[in-house]
Amino acid sequence: MFARFIRPASTRLISPTIPRIARPMSSSSSKSYEHILVSTPRPGVGQITLNRPKVNTLNTPLMTELNYALRAFDDSKETGAIVITGSERAFAAGADIKEMQNLTFSEAYGKDFIKLWSDVTQISKPLIAAVNGHALGGGCELAMMADIIYCGPKATFGQPEIKLGIIPGAGGSQRLVRAIGKAKAMELILTGKTFSAEEAERWGLAARVFETPEKCVEGALETAEIIAGYGALSVKAAKEVVNQSYEVGLSEGVKYERRVFHALFATKDQKVGMTAFVNKTKPEWTGE
């Protein structure tokens, strides 16, 4: 599961790293959030900022709001990609221990505690995690649920649940192994050690490390805007076939990829894209 392993700041609240100019999200402008900030800072891009000041711990109310906002973006034809970020001090410092410390086995198992966390992986549009500061326990797991991870210079990852007498519970043991290999993942999970942004990039967990927290978020927004500029069907298909590589063997994965590739020839966007290429014009995607 998840754990909070950093001390909260005594008085100073942490201001989230978000663009100064951000348009309200049209699809949920009437929705009021307590634990997240939602905006559309660039064309086709939705941004969700985790906003539980001081250390950004995760709890059920926050995850419920996060899933609601993600589904709203996923259902919006105006949104092509989504960025999830936190504050400069913590992307998400783990779960709120107070929420789980008194749980019994029957309560945790009977209610399938934290099952809703996995709803993040059901979003069909690309998710980019812009990680600054701590991403520990559930925060690390949430980042790994994204399709791309970008890091600020002081990003710190880890699955330190062993220090609380538990283990990762939102996919940490599974996704970390797939991202960096069994040996490194086993060492990190059994010792509770953290690892840096540079190590995350070198090991293949993160795609890029940026010079400043601001550049990390801006880089994620820039990539999201690029993705959002392509045809929605091909973007969805691309995410789907890459994720399929984790579920099946190579030969079955290649067959699945080929079938989806064939299917895209039934779309208008395939004709639009290839005709524009041949004619050396800019494609006007239809999403059909």
Side-chain angles (χ1 to χ4, degrees), residues 1-10 13-14 34-36 50-67 84-121 129 131-146 149 151-152 154-197 199-200 203 205-206:
M1 284 190 275
F2 336 94
R4 179 160 59 91
F5 295 95
I6 63 175
R7 295 179 179 177
S10 56
L13 298 183
I14 306 300
E34 181 180 357
H35 303 295
I36 62 174
L50 309 179
N51 187 41
R52 294 191 72 200
K54 293 191 179 179
V55 291
N56 252 10
T57 54
L58 306 176
N59 61 6
T60 297
L62 183 149
M63 292 304 300
T64 299
E65 290 186 354
L66 175 61
N67 286 328
I84 301 176
T85 191
S87 70
E88 290 189 15
R89 187 166 185 254
F91 170 76
D96 190 338
I97 302 301
K98 292 180 180 179
E99 184 180 31
M100 68 176 74
Q101 69 179 113
N102 294 321
L103 284 177
T104 65
F105 167 76
S106 61
E107 290 171 335
Y109 181 67
K111 296 179 180 179
D112 210 348
F113 181 58
I114 66 152
K115 179 182 179 181
L116 65 87
W117 289 52
S118 294
D119 290 352
V120 173
T121 64
V131 178
N132 287 301
H134 298 281
L136 303 177
C140 184
E141 290 172 308
L142 177 58
M144 290 192 292
M145 291 181 200
I149 298 177
C151 301
K154 296 182 179 181
T156 302
F157 298 86
Q159 299 289 165
E161 289 86 351
I162 198 77
K163 297 179 180 181
L164 295 178
I166 55 174
I167 62 171
S173 64
Q174 307 303 299
R175 293 188 177 93
L176 195 60
V177 169
R178 285 166 170 77
I180 69 175
K182 177 185 174 182
K184 283 188 174 67
M186 187 72 81
E187 178 188 35
L188 293 167
I189 290 171
L190 290 180
T191 64
K193 291 180 179 179
T194 60
F195 56 99
S196 67
E199 288 172 320
W203 296 343
L205 181 70

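Atoms considered below: every heavy atom in the structure, side chains included; atoms not considered: hydrogens, waters and symmetry mates.
A donor-acceptor pair under 3.5 Å is absent between the side-chain atoms of Q159 and the main chain of P168, judged by distance alone. N67 places a side-chain N or O within 3.5 Å of a backbone atom of L116 that can act as its donor or acceptor partner.
Separation of atoms OG1 (T85) and CD1 (I36) is listed at 13.0 Å; rounding is to 0.5 Å. To the nearest 0.5 Å, the span separating CE on M144 from OG1 on T121 amounts to 12.5 Å. With values rounded to the nearest 0.5 angstrom, H35 atom NE2 is found 10.0 Å from T60 atom OG1. Atoms CG and CG, on L136 and L142 in that order, are 12.5 Å from each other to the nearest 0.5 Å.
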Given the rule in the side chain to side chain contact (heavy atoms under 4.5 Å, CB included) test, do W117 and M145 qualify, once you have shown the distances and angles that lead to the verdict? CA-CA 9 Å; W117 289 52; M145 291 181 200; 4.3 Å; yes

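Of all heavy-atom pairs between N56 and P53, the closest is OD1-N, 4.2 Å. Scanning all heavy atoms of the two residues, the minimum distance from A135 to C140 falls at O-CB, 3.2 Å. The minimum heavy-atom distance between G137 and P160, with the atom names listed, is N-CD, 3.6 Å. Counting all heavy atoms, side chain and backbone alike, T57 lies closest to L62 at O-CD1, 4.0 Å. When all heavy atoms of F157 and A200 are compared, the closest pair comes out as CE1-CB, 3.8 Å. When every heavy atom of T191 is checked against every heavy atom of I162, the shortest pair comes out as C-CG2, 4.0 Å.
For R52, the salt bridge (Lys or Arg N to Asp or Glu O under 4.0 Å) test picks out D96, with sequence neighbours left out.
Taking the six-membered ring for Trp and thresholds of 30 and 60 degrees, F195 and W203 have ring planes inclined between 30 and 60 degrees apart.
Between L58 and L66, the closest side-chain pair of non-hydrogen atoms is not below 4.5 Å.
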Sequence neighbours left out, cut at 3.5 Å: what donor-acceptor pairs do the side chains of residues 172-190 make with other protein atoms?
| residue | atom | partner | partner atom | Å |
| --- | --- | --- | --- | --- |
| R175 | NH1 | A170 | O | 3.2 |
| R178 | NH1 | Q174 | O | 3.3 |

